[in-house]
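Okay, so here's the structure we're looking at.
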Amino acid sequence: MGHVAVAAPSPAAAQAAANVIDLGGGAVDAAIAAAVAAMVSEPGVVSPGAGAFVTVWPAAGSAVVYDGYMAVPGLGGPNPEPVEHMVSMEYGGGITTEVGPASIAVPGAWAAFGLAHDEHGTVPWREVIAPAIDLAAAGTPLGPTSALYLDYSLVPVFDRDPAGSRALRSGEGPLRVGDLVLVEGLAASLERLASHGADDIYRGDLGHAIALDLWERGSHIGAEDLRAFRAERRTPLQMNLGQWELATNPPPAVGGAALFALLALAPTGTPAEMIAAQRLVLGWRRGDLSDDRVIEIRDFLASLPGDPIRSASTAHVSAAGDDTVCAVTLSAGYGSGVIPTGTGMWMNNGLGELELVGDRDRMRAGERLNSNMAPTVGKHADGRSLAIGSPGADRITSAIAQTLIHLEHGASPADAVSAPRVHVDVAETVTIAHEPGVVVPAHSDSNRAFDDLHMYFGGVGVAIHHPDGSVTATTDPRRNGVTVTR
């Protein structure tokens with residue numbers, strides 16, 4: 001019988017979690033180890049310069065969210081010579097995003113990982129980071145999810161930095177699935193973080209080198225921005241779904257609120273009900289939120305029937321063990337394509353995610369950027385504990401909601417995760433995207449039918465601790481996830 005189970009986004013991330021569990025690590029150690037390994041092994045999908053949320057519900061105590069999401073730079077003033085590039089790609093049905101140095105937001109994932117480990121870790125920090133160091137030193141095979149994204153993004157995004165281009169090309173051609181990705185300097189940077197702690201990227205020599213290099217290349221990030229960054233402990237949003245008590249990411253991120261709104265408005269999960277709920281919730285979500293997202297989100301949640309919620313490009317890891325559950329979702333956006341010289345640490349393009357940032361003129365230096373991410377944990381009346389989450393931009397919330405509804409209605413985790421999904425894309429026109437098996441009612445919106453299960457609809461990972469002490473994990477057939485049970 002295993003004592004920890006993990007749903008990881010890649011084979012390398014799963015092996016990292018397994019290594020840490022074998023040393024005595026618990027759910028939080030394993031989840032962080034898998035997340036850091038994903039930063040190394042999933043180029044393009046996520047990177048070391050990411051933001052992250054870590055949601056933990058320990059065996060004793062209340063759920064907590066560690067907010068290490070990306071922040072707006074500029075505490076030392078804007079760079080007088082910013083360097084930015086607007087690019088368009090066909091990825092995900094078509095996106096326009098800003099890349100380059102001026103698109104980089106303050107990376108916060110390391111702060112969240114460090115704080116969560118300080119408060120819930122059971123093995124030394126160095127042991128948690130060690131598997132990722134080994135991956136970075138030896139190289140890691142390019143996975144199919146990264147390869148698919150790089151088909152669209154290599155030239156417009158990652159070829160802009162010579163170090164990144166060298167890492168993702170072999171001769172004149174791009175790397176293919178199975179080819180080794182080896183990024184110069186990354187192993188040394190991770191070794192420094194393992195030896196000096198996560199704080200080194202903010203207030204140590206590594207952070208100083210990153211800030212100096214990025215500023216000189218046209219980024220708005222200066223040493224003041226890194227020194228000021230702290231992970232925030234946040235009281236999660238909470239709601240009941242049947243006999244599940246759930247906790248998820250609160251404001252200022254919008255993802256958790258959107259998830260719980262979908263669950264409140266579509267309790268049976270029928271296609272008609274889910275489409276109607278998504279039209280309302282994702283339509284609100286697409287709106288230009290006010291200067292105070294906390295107030296805006298609170299007012300929206302209060303408008304839902306019955307007031308059901310009790311408030312106080314990505315990768316996801318779910319872990320469960322010893323009645324502690326941990327959900328980690330991390331994102332570097334679409335990637336800036338920039339590696340601070342000699343560090344190997346690809347940076348995010350958080351400021352360039354136009355669908356999330358909104359009006360750039362309203363952003364204040366130091367504030368958190370908006371996020372769709374919703375790492376969620378829960379406890380059931382029968383004694384089960386659950387961690388769940390997904391990558392997938394604005395499909396994150398619709399993917400998690402549909403999976404949770406299936407679980408509540410008695411489906412096994414495997415059946416709940418693999419059930420066909422529907423997603424309402426609320427843009428200039430409304431498009432109903434759906435997988436085979438979803439019967440879409442007659443409507444006037446555009447119809448986008450997929451021939452099979454598709455990564456467009458997210459990549460849900462579920463880990464459950466059962467009352468008898470056993471643990472199970474389930475990954476999504478739509479992506480390259482791997483489970484570990486130890």
Write down the atom of [X], the atom of [Y], and the distance for their closest heavy-atom approach.
{"X": "Ile129", "Y": "Leu190", "value": "CG2-O, 4.0 Å"}
{"X": "Ala52", "Y": "Met373", "value": "CA-CE, 4.4 Å"}
{"X": "Ala105", "Y": "Ile221", "value": "O-CD1, 3.4 Å"}
{"X": "Val328", "Y": "Pro375", "value": "N-CB, 4.3 Å"}
{"X": "Val6", "Y": "Ala30", "value": "CG2-CB, 3.8 Å"}
{"X": "Ala16", "Y": "Ala33", "value": "CB-O, 3.7 Å"}

(request) Apply salt bridge (Lys or Arg N to Asp or Glu O under 4.0 Å) to Asp67 and Arg230, showing your working. (result) CA-CA 9 Å; Asp67 179 348; Arg230 300 289 190 281; over 6 Å; no
Listed partners of [X] passing side-chain hydrogen bond (donor to acceptor under 3.5 Å, both in side chains), at least two apart:
{"X": "Glu435", "value": "Arg478"}
{"X": "Glu408", "value": "none"}
{"X": "Ser331", "value": "none"}
{"X": "Thr96", "value": "Ser88"}

[X]: what forms a side chain to side chain contact (heavy atoms under 4.5 Å, CB included) with it, not counting sequence neighbours?
{"X": "Thr145", "result": "Glu42, Val45, Met455, Arg479, Asn480"}
{"X": "Arg166", "result": "Pro162, Ala163, Glu184"}
{"X": "Ser165", "result": "Asp159, Arg169"}

Can you name the ring-ring contact (aromatic ring centres under 6.0 Å, His included) partners of [X], sequence neighbours left out?
{"X": "Tyr152", "value": "Tyr91"}
{"X": "Trp346", "value": "Phe158"}
{"X": "Tyr69", "value": "Phe53"}
{"X": "Phe113", "value": "none"}

Is the shortest side-chain heavy-atom distance between [X] and [Y] below 4.5 Å?
{"X": "Pro48", "Y": "Met39", "answer": "yes"}
{"X": "Pro73", "Y": "Val106", "answer": "yes"}
{"X": "Asn348", "Y": "Pro107", "answer": "yes"}
{"X": "Ser336", "Y": "Leu351", "answer": "no"}
{"X": "Leu142", "Y": "Leu150", "answer": "yes"}
{"X": "Ile432", "Y": "Val422", "answer": "yes"}
{"X": "Gln402", "Y": "Pro420", "answer": "no"}
{"X": "Thr329", "Y": "Pro391", "answer": "no"}

(request) Give the intermediate values and the outcome of side chain to side chain contact (heavy atoms under 4.5 Å, CB included) for residues Leu226 and Ile201. (result) CA-CA 7 Å; Leu226 293 175; Ile201 196 174; 5.6 Å; no
Could you state the interatomic distance from [atom1] ([X]) to [atom2] ([Y]), rounded to the nearest 0.5 Å?
{"X": "Glu98", "Y": "Leu354", "atom1": "CD", "atom2": "CG", "value": "7.0 Å"}
{"X": "Met347", "Y": "Ser47", "atom1": "CE", "atom2": "OG", "value": "6.5 Å"}
{"X": "Arg217", "Y": "Thr341", "atom1": "CZ", "atom2": "OG1", "value": "4.5 Å"}
{"X": "Gln278", "Y": "Asp425", "atom1": "CD", "atom2": "CG", "value": "10.0 Å"}
{"X": "Leu407", "Y": "Leu386", "atom1": "CG", "atom2": "CG", "value": "6.5 Å"}
{"X": "Ile388", "Y": "Leu246", "atom1": "CD1", "atom2": "CG", "value": "9.0 Å"}

(request) Mind running side chain to side chain contact (heavy atoms under 4.5 Å, CB included) on Met274 and Val438 for me, showing each step along the way? (result) CA-CA 11 Å; Met274 185 55 68; Val438 175; over 6 Å; no
Between the main-chain N or O of [Y] and the side-chain N or O of [X], is there a donor-acceptor pair closer than 3.5 Å?
{"X": "Asp476", "Y": "Val460", "answer": "yes"}
{"X": "Asn349", "Y": "Tyr334", "answer": "yes"}
{"X": "Ser318", "Y": "Gly461", "answer": "yes"}
{"X": "Ser189", "Y": "Thr343", "answer": "yes"}

(request) Tell me, yes or no, whether the heavy-atom count around Asn447 atom CG, taken from other residues, nucleotides or ligands under 6.0 Å, exceeds 12. (result)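 Result for CG/Asn447: enclosed.
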(request) Give me the ring orientation class for Tyr456 and His423: parallel if the planes are under 30° apart, tilted from 30 to 60°, perpendicular past 60°. (result)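 Geometry flag for His423 against Tyr456: perpendicular rings.
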Tell me yes or no: between the side chains of [X] and [Y], is some donor less than 3.5 Å from an acceptor?
{"X": "Thr429", "Y": "Ser446", "answer": "no"}
{"X": "Ser170", "Y": "Asp179", "answer": "no"}
{"X": "His316", "Y": "Thr314", "answer": "no"}

(message) Applying the side-chain hydrogen bond (donor to acceptor under 3.5 Å, both in side chains) criterion to Thr376, which one of Asn249, Thr397, Thr248 satisfies it?
(response)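 Testing Thr376 for a side-chain hydrogen bond (donor to acceptor under 3.5 Å, both in side chains) against Asn249, Thr397, Thr248 leaves exactly one candidate, Thr248.
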(request) Assess whether side chain to side chain contact (heavy atoms under 4.5 Å, CB included) is satisfied between Arg233 and Tyr66, documenting all intermediate values. (result) CA-CA 5 Å; Arg233 294 180 193 83; Tyr66 298 93; 3.9 Å; yes
For residues 74-83, tabulate all N or O donor-acceptor pairs below 3.5 Å that involve a side-chain atom, not counting sequence neighbours.
{"from": "Asn79", "atom 1": "OD1", "to": "Glu81", "atom 2": "N", "distance (Å)": "2.9"}
{"from": "Asn79", "atom 1": "ND2", "to": "Trp215", "atom 2": "O", "distance (Å)": "2.9"}
{"from": "Asn79", "atom 1": "ND2", "to": "Ser219", "atom 2": "O", "distance (Å)": "2.7"}

